Structure formats: C-alpha cells, structure tokens
Amino acid sequence: MGDLRSRVGEFMTATARSELAELVSFRSVADPRQFPPEECAKTAEWVRDRFARLGFADARLERTPDGSDAIVGFRPCGDPDAATVLLYAHYDVQPPLDESEWRTPPFELTEVDGRWYGRGAADCKGNILMHLLALRALGDDVPVNLKLVVEGSEEQGTGGLEAFVAANPDLLRADAILVCDTGNAAVGHPAATVTLRGMVNVVVTVESMASEVHSGMFGGPAPDALAALIAILASLRDATGNTTITGLDASRRWEGAPYPPEQFRTDAGVLDGVALLGDGTVSDMLWARPAVTVLGIDCPPVVGSTAAIVPRAAARLNLRVPPGMAADDAHAALDAHLRAAAPWGVHVDVETEAVGSPFAAQTDGPAYRAMAAAMQEAYGVPMTTLGQGGSIPLCNVFADTYPGAEIILMGVEEPLALIHAPNESVDPSEIERLALSEALFLRGYGAARG
C-alpha cells in the first residue's frame, strides 16, 4: 500500500491544485439562459482529454437526449473475464447564486485556511480529480476492466444521462459502479452512502375570489387566499416540526451511523436558541422519515403591498421520500392532504413538477467489502454507512438497468463543502485519501474477483 500512498501524494503535490483550478475556471452551468454553452463544451473536452491520456483510448462525447454531452470510455485490462467497474462523476455545476455572498471569486480556485474554494471544487469536479489521481497512482496495474461516464447536466435534473443509459444499456454495464457524487460525514471519517431519499415537487395554488377587493370594505367575511394557503401549509407539520402528511409514516428509525445533533447544528448553520425539528434523532429525520419543505411562495411582497384581500396565492413544495416508501404513494398522499386541508371551500390546484423514487444500495457483496477494506486502509479508521437526504435519480436507473451490479456512493462532498451554496469548498486531504481509497479498491476488488 505504501507505493500507492506515496504515488497519490506525489501527484497530489504536483498537479492536483493546478488541474482543479483549471476545471473550476470553466463556468460549466448547463443552462444556456445563464452561461454560454461553450463553457460546458470546454469542460467536457478537458475531461475527455485527461481520461484519454490514462488509457481510455476511445474516450468520446456522447450527446444525451436533453442536449448535454457525456464523456464515455472503456479501458480494458487484458482479461475479458475480469470484473468491470464503472466510474461516474459529473462536470456541470450549480450556478454561483449571488456572487456578492462569496468570500472568493466563485470560478477561481482560492485557498483559505487549508480548504480550496470555488464553484464545483467539491460538487463534482473534486471527484473527477479524485478519479484521475487514483488511476495515475495505479498506472498500468489495474486488474479490472474500467468504464467511464462523466455527465454534463446532473445539476439541471433534466434526465439526459438517465435516458441515455436506458437507451444504451450495454455501453455502461458493469459489476460495480462507483457513483462519486456524495461524501463523508466529516473530514477524515470515511463513509459510503447507502440510501437516498426520493422526492416529490409540486406547486399548490389557492384561489378564493375573482379579483382583489379592499380589506376595509370587504375584510372579515371575504375569504383570503393567502390566509387559506398559510393554513394548508401549517397542516404539513406539527408543533414539534414532524411532517404530518396524512397517510405517510413519520415514525421510522435510522439504523446506520448517527449524525450528532451539535455537529448538524454547526453544519447547517442553525442559529442559537433555535430548536431542531422532529421527535426523532437527526438521522431519523434526515434519512428515515418523509420531510416537506416550502421552497417558495407567490404572494404580494411586503414592499408595494396594498390594503387588499389576496384572491390567489401559490407555494412550491418539496417532499423528500425515504427508502421503503413508494414515491408515487407519497405523491398521492401529499396531493390528497393539500386538497383536504383547504379551508372555506377555496379552490385548490396541485401541479406536479417531478416525482423521483428513493434508493437503497445492497451492501453484502464483494465490491462493498473491498471498498470497506480500502477506506479503512486509506484513513486508518473503519468505513461507516450513511444516508443522504438528496436524490440521485440516476442510481435508480442504474439499479433497474443493471440489477446485478453493486452501486457504491462516495465522494469528497462532506458537510463543510457547502455544495450548492455560496462559498463551496473542498478539503484537499479528502481528495487525496479518497483517491487512495479508490486505487486500493480497484486493486483489491480485482484480486478478490480474480
């Protein structure tokens, strides 16, 4: 193991920061309304070129049904009976949001207190770099066949790669799939993510009158659509903060590694004196139970509002669905609850934006055992298992398309990374140790399967 550790360290010192800086400099937001498409094109070509240099001789761009380009490639090990491992990441990033909230330029990799800041530094360009470092450290000593897919529209949720996999099932078929778009519970504590919540997004609209009317002349008996919407939204949680959607079980328990409450308060930036929600543990609330969030409300703003009764109001809701609960059932329950909770006979419309199923990985196979051994060797402490509150629909597509494959979710995106938020960053030690973990895994898994 010493040779791999030293080789990863050498490449980390020699090239890692400059390469990640180049990757971060590409403004690869896969939305032409916000950034030029050429930024994604440059990023895709950069990724294709780097993997081509590492033995993926056929590395190429494949156009997916949503118009984005994915980099795919194959690197055989010379033994057609050897196991095949698929390496996944994505090169597109979230928009930087309000750049005034960034302490450093979002598309310029900047070191602050030992962390590297920049949009995509963790999610998910740090994981691309992790793959590169692992393969460079191994050199020609890779006892498995390798497949590669790096997609270009994951953050947009437009399903390009999901549709591409379904249409080209043999292209990415593998025995083990490393989905590198998650992270550890904390820096230095290795973990594999074994569950993902599904999600339901809806917009609920409430209408009560034909138009605005003066609150002085009509206020009292006139039904207020905004007040009705507030009553509906209030019915979605109890006084403790538990989600209370009729028909959904909100009492399940998480059996994996715990998430300490004080650590969560720090990671989430919860203000002093503000309580955490729910009657379960943090892990229960995050990974085992449904959770509804109000994402936005359409109503008159405070500035410019008048003394008028609001005739129409709307809210966008996100419901996270834990493994073991069918997303379609959760969707039906949410729809029925919103309609039943409406007061005063107001008219309610529920528009569905998206429904995605939860995911639970199988953890009793040789790939998981090899990864657990690799992470323990790289970090010096045992690998734990985590849930994740977010959704990765691609994992369900992989599971349905390749039912015999072991799917391992891992990556550099621990809580301090602040992915999707201003001031995203990565701890370079996570890149280094996870690159070593991946290299050890590929060597160990290949030997075990051989």
Side-chain angles (χ1 to χ4, degrees), residues 1-21 23 50-51 53-56 75 77 82-83 85 87-89 109 111 114-116 121-122 124-146 148 176 178-193 366-386 408-414 416-417 425-450:
M1 193 265 286
D3 63 322
L4 280 179
R5 187 182 294 276
S6 62
R7 285 176 63 80
V8 169
E10 290 168 6
F11 287 117
M12 189 76 190
T13 300
T15 64
R17 182 169 176 177
S18 61
E19 285 192 306
L20 189 57
L23 262 178
R50 290 309 191 278
F51 282 96
R53 296 182 197 179
L54 288 171
F56 292 85
R75 175 178 161 173
C77 70
V85 176
L87 307 178
Y88 167 89
L109 194 70
E111 182 171 348
R115 295 184 69 94
W116 295 348
C124 182
K125 293 173 177 178
N127 290 309
I128 296 173
L129 182 62
M130 178 190 72
H131 287 319
L132 294 174
L133 292 175
L135 296 177
R136 287 172 185 155
L138 285 165
D140 295 330
D141 183 20
V142 183
V144 297
N145 298 305
L146 292 174
L148 172 74
L178 302 189
V179 177
C180 295
D181 191 18
T182 61
N184 296 334
V187 173
H189 297 273
T193 297
Y368 260 88
R369 289 192 292 271
M371 183 59 76
M375 284 192 173
Q376 176 150 4
E377 196 168 355
Y379 279 83
V381 294
M383 181 188 86
T384 60
T385 57
L386 302 174
I408 301 176
L409 291 91
M410 54 182 284
V412 303
E413 303 163 23
E414 40 76 35
L416 295 180
S425 68
V426 68
D427 188 313
S429 70
E430 288 289 273
I431 296 176
E432 183 170 359
R433 285 181 287 198
L434 283 165
L436 177 58
S437 299
E438 182 172 313
L440 289 167
F441 164 78
L442 293 173
R443 181 183 283 179
Y445 179 57
R449 287 294 300 261

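For clarity, every value in this text was computed on a predicted model and none was experimentally measured. We number each residue from 1, following the sequence as shown.
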Where is the tightest heavy-atom contact between [X] and [Y], given as atom of each residue plus distance?
| X | Y | result |
| --- | --- | --- |
| Leu178 | Val85 | CG-CG1, 4.2 Å |
| Gly114 | Pro428 | O-CD, 3.2 Å |
| Pro143 | Asp141 | CD-O, 3.8 Å |
| Glu432 | Val8 | O-CG1, 3.5 Å |
| Leu386 | Ala185 | CD1-N, 3.5 Å |
| Arg75 | Gly139 | NH2-O, 2.7 Å |

Salt-bridge contact Arg136-Glu19 (side-chain N to carboxylate O under 4.0 Å):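 Salt bridge flag = yes for Glu19 with Arg136.
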Rounded to the nearest 0.5 Å, what's the gap from [atom1] on [X] to [atom2] on [Y]? Could you check?
| X | Y | atom1 | atom2 | answer |
| --- | --- | --- | --- | --- |
| Tyr445 | Tyr368 | OH | OH | 12.0 Å |
| Leu416 | Asp427 | CG | CG | 8.5 Å |
| Leu54 | Leu133 | CG | CG | 10.0 Å |
| Glu111 | Ser425 | CD | OG | 11.0 Å |
| Leu20 | Ile431 | CG | CD1 | 5.5 Å |
| Met383 | Glu377 | CE | CD | 14.0 Å |

Is there a side-chain contact between [X] and [Y] (heavy atoms, below 4.5 Å)?
| X | Y | result |
| --- | --- | --- |
| Leu135 | Phe56 | yes |
| Val381 | Pro190 | yes |
| Val426 | Leu129 | no |
| Leu4 | Leu138 | yes |
| Glu430 | Val187 | yes |
| His131 | Phe51 | yes |
| Met375 | Leu434 | yes |
| Glu438 | Cys180 | yes |

Any donor-acceptor pair under 3.5 Å from [X] side chain to [Y] backbone:
| X | Y | result |
| --- | --- | --- |
| His189 | Tyr379 | no |
| Asn127 | Val412 | yes |
| Thr193 | Met410 | no |
| Asn145 | Cys77 | yes |

